Amino acid sequence: MVQENTTIFDPFLEAQSKPLLIKDRHFLRPEYIPDKLPHRDQLLNQLASILSTALRGERPSNILIFGKTGTGKTACAKFLGKEVRRKVETDDRAKKVNYLYINCKVVDTEYGILASIANHFAKTSDEQIPFTGWPMDKVYKTLKDRVEDARGVTVIVLDEIDQYVFKSNGDVLYHLTNINDELKNAKVSIIGITNDSKFTERLETRVKTRLGEENIIFPPYDAHELQDILKDRAVLAFFDQSALDPSVIPLCSALAAQEHGDARRALDLLRVAGELAERENSSKVTERHVHKAKNKIELDVQNEVIRSLPMHSKILLLSIVLENLEGQTQLTTGEVYQVYYELCRFARISPLTQRRITDLISELDMLGIITATLKSFGRGGGRTRIIRMSISPTEARHILSEDDELRRIVDYRSRQTKLF
DNA sequence: CGTCCACAGGAATCCCTGGGTT
DNA sequence: AACCCAGGGATTCCTGTGGACG
């Protein structure tokens, strides 16, 4: 069967050596920051005019940036960072400016945010603040000292800032917006980025006014603007533009425009469509590939969410799935908890309390895996949430059975019924 | 109109982890 | 070795509530 000098890899490697469509998919990734940001000149200028005061050694106003996902907020913030650094390095008339970027979805605790700001100024590895262990006041003091030592203006970008405030009370923001009162030789200004338009409502008034000295709103891209973005990237990413069916870019743009003008989604569609076309050894990317890409992306995202669920959430989801497969498509919290409890006992895992499970149900709801709506059935039924699946139970079951812990119990029900 | 069901969901507390300091 | 500290998950205890039933 297998010939000498050939391995099972060869067919795939051979396919790779054929003329491919994509030259470098890196340019289609959302995290790639291009040199030009189409249709964002206006906003960039606005931001630049605010930040230019920093280059003169004055503290720029704090800025709050609002905008849905994929409207270029992060790209613009990083782009500005590059430009600021370039200016400081090349023009000695420009005053010292430190520009640092923190994603609050990654570091989402008070400690983490303060520590990573301070660590930005750490010169050696032993100056690094450990990611846990120190008391808060010590972290804050080191941060203050280092910013003071660094002199000049420090611009701190806090991306997805709502993620942090959502979990904590926002004390860090209070400290950071007030830190200037305690600094003599340095100044700090904050750029907050959020996709939650109601974000400020959750802030204390004193923080709200400080942080929102300037508000900038990033509007969604319309289909035409998305097309311009995709065209720019396609030139970089594909060998030959004629490999793209003329209707492909407009279609990707139109689909993404439907979803609140998300550039990230548009790029994903184009990239995945290209990858699918390559895998089929097709010489062209067509509309059909885009539609396939759309389905694939949606399914992949959903499955990845399930895979990364903590164990008890998986068991909980499995209970809902099993009930659904038996025709019970509307369940109450109590019913679900019973099944969950059974499954846990079967798997010799100690079950969580119902209180905890109500929280996990809310989480699954927010993830879009299920919908849980509050309903009251009056006396005898009480007030509970009715839980429905918003994804395919069969598909969910399949993904759940990939888990080693759960494989033992996914068949629990069918084995039971076989016994009787 | 009051009762009462079956929970929702807030608050305080505990436990554990990963790290620090003394 | 003994103890401090932040943070996340979980538990315990609790009060609140929409609406069918009587």
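Model, not experiment: these values are computed from the prediction. To find a chain, count down the sequence lines: A is the first, B the second, and so on, and within it residues start at 1.
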Answer yes or no: are there more than 12 heavy-atom neighbours, outside [X] itself, under 6.0 Å from its atom [atom1]?
X	atom1	value
Q42(A)	CD	no
K105(A)	NZ	no
R345(A)	CZ	no
K144(A)	NZ	yes
H26(A)	NE2	yes

Which is the 5'-most and which the 3'-most nucleotide of DNA chain C that has an atom under 4.0 Å from a heavy atom of chain A?
dC5(C) to dG22(C)

Run the salt-bridge test on [X] and [Y] with the 4.0 Å N-O cut-off and return the result as yes or no.
X	Y	answer
D359(A)	R355(A)	yes
E280(A)	R288(A)	yes
E259(A)	K294(A)	no
D403(A)	K314(A)	yes
R265(A)	D268(A)	no
K87(A)	E83(A)	no

Does the ring of Y99(A) carry R85(A) above it, NZ/CZ under 6.0 angstrom from centre and within 45° of its axis?
no

Think R40(A) forms a cation-pi with Y221(A), using NZ or CZ under 6.0 Å from the six-ring centre and within 45 degrees of its axis?
yes

What integer distance in Å separates R356(A):CZ from dG10(B):P?
13 Å

Can you check whether T333(A) has a side-chain N or O nearer than 4.0 Å to OP1 or OP2 of dA8(B)?
yes

Polar atoms only, N or O, under 3.5 Å: list the protein pairs with nucleotides 11-15 of chain B and their distances.
none

Per the under-4.0 Å heavy-atom filter, residues of residues 370-379 of chain A near DNA chain C come out as S376(A), F377(A), G378(A), R379(A)

Which residues pass the ring pair (Phe, Tyr, Trp, His ring centres under 6.0 Å) test with Y340(A), sequence neighbours left out?
Y337(A)

Mapping T109(A) and P135(A) to their closest nucleotides on DNA chain C, which lands nearer the 5' end?
P135(A)

Any protein N or O atoms within reach of nucleotides 16-20 of chain B? Criterion: under 3.5 Å, listing atom names and distances.
unit_1  : atom_1 : unit_2  : atom_2 : d
dG18(B) : N2     : T132(A) : OG1    : 2.9
dG19(B) : N2     : G133(A) : O      : 3.3
dG20(B) : O3'    : W134(A) : NE1    : 3.4

Going by heavy atoms in the side chains, are R146(A) and N119(A) under 4.5 Å from each other?
yes

Which angle, rounded to 10°, do you find between the first-five-pair axis and the last-five-pair axis of the helix from dC1(B)-dG22(C) to dT22(B)-dA1(C)?
30°

